[in-house]
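Beneath this line is the structure, given in structure tokens, with notes to follow.
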Amino acid sequence: MDVTRPDPEIRLLTCADASAYREIRLAGLLQNPEAFASTFEAERDRPLDWFKERITQSRLFGAVLMQELVGVVGLRSHAGAKQRHKATIWGMYVRREARQFGIGERLIDAAVAHASGHVEQLQLAVVTENEAARRLYAKAGFIEYGHRINALKHGGRYYDDILMVKYLGS
């Protein structure tokens with residue numbers, strides 16, 4: 001173990017984390033608006049209970065470093081009878097100052113580990129231009145299977161998505 005590299009705690013968020021989750025979610029929406037389907041403007045005035053509800057509706061993993069939430073990733077299982085074998089990775093964000101510590105990799109590993117045994121595949125969408133995220137997901141075993149043209153539009157500009165999947169087995 002590298003003693004100069006911080007070791008974040010990776011854990012499931014609870015409703016008690018709603019304020020910290022709100023803060024990091026808004027930071028992500030502000031810093032990287034092209035990476036999310038939602039916007040800072042749509043979420044900044046939402047009440048804390050709205051963020052608590054998001055925590056209870058998904059599995060949200062957080063990376064805590066020196067008592068600060070520095071990264072998050074969501075895992076949402078599909079509800080329909082014919083889609084219960086799948087889950088979606090969503091809302092991935094690591095604060096810029098924490099990106100060099102392997103936190104994104106640890107968050108994805110936690111989501112994959114949690115999903116294993118519950119679903120057969122994990123899906124995600126990533127903006128084509130986000131090379132770092134694409135490399136992270138590929139390293140975790142996700143493969144590209146599709147391309148959504150003009151998937152998102154922000155500030156008058158379109159962004160394409162790469163669709164990725166990781167098969168976990170049956």
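Nothing here was measured: the structure is a model prediction, and the numbers come from that model.
- Atom CG of L12 and atom CZ of F61 lie 4.5 Å apart (nearest 0.5 Å).
- Taking 4.5 Å as the limit, every side-chain heavy atom of L69 sits out of range of all side-chain heavy atoms of E23.
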Let me check something: any side-chain donor-acceptor pairs from residues 72-80 under 3.5 Å, sequence neighbours excluded? List them with distances.
from: R76; atom 1: NE; to: S58; atom 2: OG; distance (Å): 3.3
from: H78; atom 1: ND1; to: Q83; atom 2: OE1; distance (Å): 3.1
from: H78; atom 1: NE2; to: T88; atom 2: OG1; distance (Å): 2.9

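- Under the 4.5 Å side-chain heavy-atom criterion for grouping Ile, Leu, Val, Met, Phe, Trp and Tyr, V119 is connected to Y137 within one hydrophobic cluster.
- When all heavy atoms of I103 and A63 are compared, the closest pair comes out as CG2-CB, 3.4 Å.
- Ion pairing between R95 and E68 holds under the 4.0 Å rule for side-chain N and carboxylate O.
- In the hydrophobic clustering of ILVMFWY residues, with side-chain heavy atoms under 4.5 Å counting as a link, M92 and L152 come out apart.
- Note that the CD atom of E144 and the OG1 atom of T128 stand 9.5 Å from one another [nearest 0.5 Å].
- The heavy-atom pair separating R99 from Y93 by the smallest distance is NH2-CE1, 3.4 Å.
- Residue F40 holds its CZ atom at 5.0 Å from CG of L30, rounded to the nearest 0.5 Å.
- Between the side chain of D17 and the backbone N or O of T14 there is at least one donor-acceptor pair closer than 3.5 Å.
- Here the CZ atom belonging to R46 is positioned 11.0 Å from the CG atom belonging to L26, to the nearest 0.5 angstrom.
- Closest heavy-atom contact between L29 and S38: CD2-O, 3.6 Å.
- Cluster membership check: I162 does not share its hydrophobic cluster with Y167, using side-chain heavy-atom separations under 4.5 Å among Ile, Leu, Val, Met, Phe, Trp and Tyr.
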*Apply the test side-chain contact (heavy atoms from CB on, under 4.5 Å) to residues R106 and D7: give CA-CA distance (whole Å), side-chain angles for both, the deciding distance (0.1 Å), then the verdict.*
CA-CA 10 Å; R106 299 264 316 268; D7 189 25; 3.0 Å; yes

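- Between E129 and R157, at least one side-chain nitrogen of the basic residue sits less than 4.0 Å from a carboxylate oxygen of the acidic one, meeting the salt-bridge criterion.
- Ion pairing of R134 with E131 is present here, as a side-chain N (NZ or NE/NH1/NH2) and a carboxylate O approach within less than 4.0 Å.
- By the criterion of side-chain heavy atoms lying less than 4.5 angstrom apart, applied directly or through intervening Ile, Leu, Val, Met, Phe, Trp or Tyr residues, I108 is grouped together with V126 in one hydrophobic cluster.
- Heavy atoms from other residues, nucleotides or ligands lying under 6.0 Å from CD of Q67 number 12 at most.
- Taken to the nearest 0.5 Å, the OG1 atom of T39 stands 7.0 Å off from the CD atom of E43.
- The hydrophobic clustering, which links ILVMFWY residues whose side-chain heavy atoms are closer than 4.5 Å, places I24 and V64 together.
- Judged purely by atom type and a 3.5 angstrom limit, K166 uses its side chain to pair as donor or acceptor with the backbone of A140.
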*Can F142 and L122 be said to form a side-chain contact (heavy atoms from CB on, under 4.5 Å), step by step?*
CA-CA 8 Å; F142 286 82; L122 290 174; 3.8 Å; yes

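- Using modelled atom types, one finds a donor on one side chain and an acceptor on the other under 3.5 Å when comparing H147 with D160.
- Contact detail for R25 and G91: the closest heavy-atom pair is NH1-CA, 4.0 Å.
- Contact check on E105 versus K139 returns a salt bridge, with a Lys/Arg side-chain nitrogen under 4.0 Å from an Asp/Glu carboxylate oxygen.
- Looking only at side-chain heavy atoms (C-beta outward), V165 and L124 stay at 4.5 Å or farther from each other.
- In plain terms, the two heavy atoms of L136 and G104 that are nearest each other are CD1-C, 3.8 Å.
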_Apply side-chain contact (heavy atoms from CB on, under 4.5 Å) to residues M164 and Q123 and explain how you reach the verdict._
CA-CA 6 Å; M164 301 183 82; Q123 299 175 331; over 6 Å; no

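- Expressed to the nearest 0.5 Å, how far CD of Q121 lies from OH of Y145 amounts to 7.5 Å.
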_Set out, in order, the CA-CA distance, both residues' side-chain angles and the distance that settles side-chain contact (heavy atoms from CB on, under 4.5 Å) for E34 and H154, then state yes or no._
CA-CA 7 Å; E34 76 288 350; H154 180 74; 5.8 Å; no

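- In terms of heavy-atom proximity, C15 sits nearest to I55 at N-CG2, 4.0 Å.
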